[in-house]
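Report on one structure; see the data block that follows.
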Amino acid sequence: MLKNLILIGFMGTGKSTIGRELGKVLGYPIIDTDARIVEEQNCSIAELFELVGEQGFRETETDLLRRLLDQRLHKHIISTGGGIILRPENRKLLKELGFVIWLVADPDTILERTSRNRERPLLQTPNPKATIENLLNQRVELYRETAHLSLETTGLDFDEITTGIIESARYHYSHLE
Ligand code: S3P
């Protein structure tokens, strides 16, 4: 049983920030799939989308997850890109890698958090709010299907979210042992 904690959820739901908090509290190293891809490919996510398209980017996500599982990664925090759940293989790999937590936020909160930078190619549209709602509609069932736990983050502070995740993970693993 691989005891990694994996954060999934839409862009702007706080995966990277919560990942860092969890890493501090648990003392686990953090892997951010976007950051790892940027490092390995030596270009930004936006550049990668331009170079290889969204499907090419999804390939690199799958390849990274396969490698993390192959190396039997253990006791790490993995925060993921918002679309990582789109491929069936990724959903399976994520569940095999550990305890999967889905961070949920409403479209207005997501819009507010993501409008601060232009690093997300999928949201560079004339109407980002509508784009967010559309993508959320397409993805919500996939997040649900992949996650062991879902956590509404709107209105909660980081401490509350982190504590909730750790308690649930302990319960999850105690039941599996
Ligand atoms: C994406 C989310 C981004 C990044 C890429 C695609 C998506 O990650 O992987 O821009 O499809 O939702 P964050 O969720 O960390 O913003």
Side-chain angles (χ1 to χ4, degrees), residues 4-23 29-68 76-94 97-98 100-147 149-154 156 158 161-162 165:
N4 301 297
L5 299 192
I6 301 143
L7 298 166
I8 63 167
F10 203 77
M11 297 172 257
T13 51
K15 291 163 293 181
S16 303
T17 314
I18 301 298
R20 281 194 294 274
E21 288 296 312
L22 285 169
I30 302 161
I31 294 176
D32 183 309
T33 57
D34 278 350
R36 180 63 72 91
I37 288 170
V38 164
E39 196 184 298
E40 289 181 351
Q41 302 293 322
N42 204 19
C43 65
S44 71
I45 300 289
E47 286 164 348
L48 200 55
F49 265 69
E50 271 188 33
L51 279 170
V52 295
E54 182 174 350
Q55 287 319 310
F57 173 70
R58 301 294 169 212
E59 273 295 333
T60 60
E61 288 184 311
T62 304
D63 176 64
L64 174 57
L65 291 181
R66 281 190 197 134
R67 282 185 283 132
L68 295 179
H76 278 64
I77 310 292
I78 308 173
S79 64
T80 60
I84 205 153
I85 42 66
L86 290 171
R87 293 182 148 207
E89 180 180 355
N90 292 4
R91 301 200 286 278
K92 185 169 168 287
L93 291 168
L94 289 165
L97 271 164
V100 184
I101 303 118
W102 170 26
L103 299 182
V104 183
D106 58 56
D108 286 321
T109 307
I110 290 172
L111 181 66
E112 203 232 278
R113 291 184 188 155
T114 53
S115 57
R116 291 182 208 136
N117 67 54
R118 298 176 55 82
E119 282 159 22
R120 295 176 171 98
L122 293 179
L123 298 184
Q124 306 314 308
T125 64
N127 186 348
K129 171 90 183 281
T131 307
I132 289 168
E133 285 168 345
N134 275 337
L135 288 173
L136 269 174
N137 276 338
Q138 290 165 27
R139 293 179 178 182
V140 80
E141 281 312 315
L142 305 178
Y143 291 125
R144 200 189 313 282
E145 176 190 321
T146 313
L149 170 75
S150 71
L151 207 66
E152 176 60 62
T153 62
T154 313
L156 288 186
F158 293 146
I161 298 170
T162 309
I165 291 174

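Indexing begins at 1, ligand by ligand and atom by atom, following the structure's order. Excluded from the calculations below are hydrogen atoms, water molecules and symmetry mates; all remaining heavy atoms, backbone and side chain alike, are included. What you see is a predicted model; the values in this text were computed from it and never measured.
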(message) My understanding is that we take every heavy atom of each candidate and find the minimum distance to atom 11 (O) of ligand 1. Doing that for Gln124, Glu119, Arg58, which one comes out nearest?
(response) Arg58
(request) Pick whichever of Pro121, Gly83, Gly12, Ser44 has a heavy atom sitting closest to atom 1 (C) of ligand 1. (result)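 Result: the heavy atom closest to atom 1 (C) of ligand 1 is in Gly83.
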Measure the shortest side-chain to side-chain distance between [X] and [Y] over non-hydrogen atoms and say whether it is less than 4.5 angstrom.
X: Glu112; Y: Asp108; value: no
X: Ile45; Y: Glu119; value: no
X: Thr114; Y: Pro128; value: no
X: Leu103; Y: Ile161; value: yes

Would you give me the side-chain donor-acceptor pairs under 3.5 Å for residues 6-14, sequence neighbours excluded?
unit_1, atom_1, unit_2, atom_2, d
Thr13, OG1, Phe10, O, 2.7

Give me the residue, atom name and distance of the protein heavy atom closest to [atom].
atom: atom 8 (O) of ligand 1; result: Asp34 OD2, 2.7 Å
atom: atom 12 (O) of ligand 1; result: Arg139 NH1, 2.7 Å
atom: atom 6 (C) of ligand 1; result: Phe49 CZ, 4.0 Å
atom: atom 16 (O) of ligand 1; result: Arg120 NE, 2.6 Å
atom: atom 5 (C) of ligand 1; result: Ile45 CG2, 3.8 Å
atom: atom 14 (O) of ligand 1; result: Lys15 NZ, 2.5 Å

(request) Using distance alone, with no hydrogens and no angle criterion, decide if Glu152 and Ser150 have a side-chain donor and acceptor under 3.5 Å apart. (result) no
Which pairs of donor and acceptor atoms, one on a side chain in residues 57-66, lie under 3.5 Å apart (sequence neighbours left out)?
unit_1, atom_1, unit_2, atom_2, d
Arg58, NE, Glu54, OE2, 3.2
Arg58, NH1, Glu61, OE1, 2.9
Arg58, NH2, Glu54, OE2, 2.9
Glu59, OE2, Arg87, NH2, 3.1
Thr60, OG1, Phe57, O, 2.6
Thr62, OG1, Arg58, O, 3.1
Thr62, OG1, Arg87, NH1, 3.0
Thr62, OG1, Asn90, OD1, 2.8
Asp63, OD2, Arg67, NE, 3.2
Asp63, OD2, Arg67, NH2, 3.2
Arg66, NE, Glu89, OE2, 2.7
Arg66, NH2, Glu89, OE1, 2.9
Arg66, NH2, Glu89, OE2, 3.4

(request) Heavy-atom distances under 4.0 Å are what count here, so tell me which part of Arg113 touches ligand 1: side chain, backbone, both or neither. (result) neither
(message) Please work out, at 4.0 Å between heavy atoms, whether the side chain, the backbone, both, or neither of Thr33 comes within that distance of ligand 1.
(response)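 Near ligand 1, Thr33 shows nothing, with every heavy atom at 4.0 Å or more.
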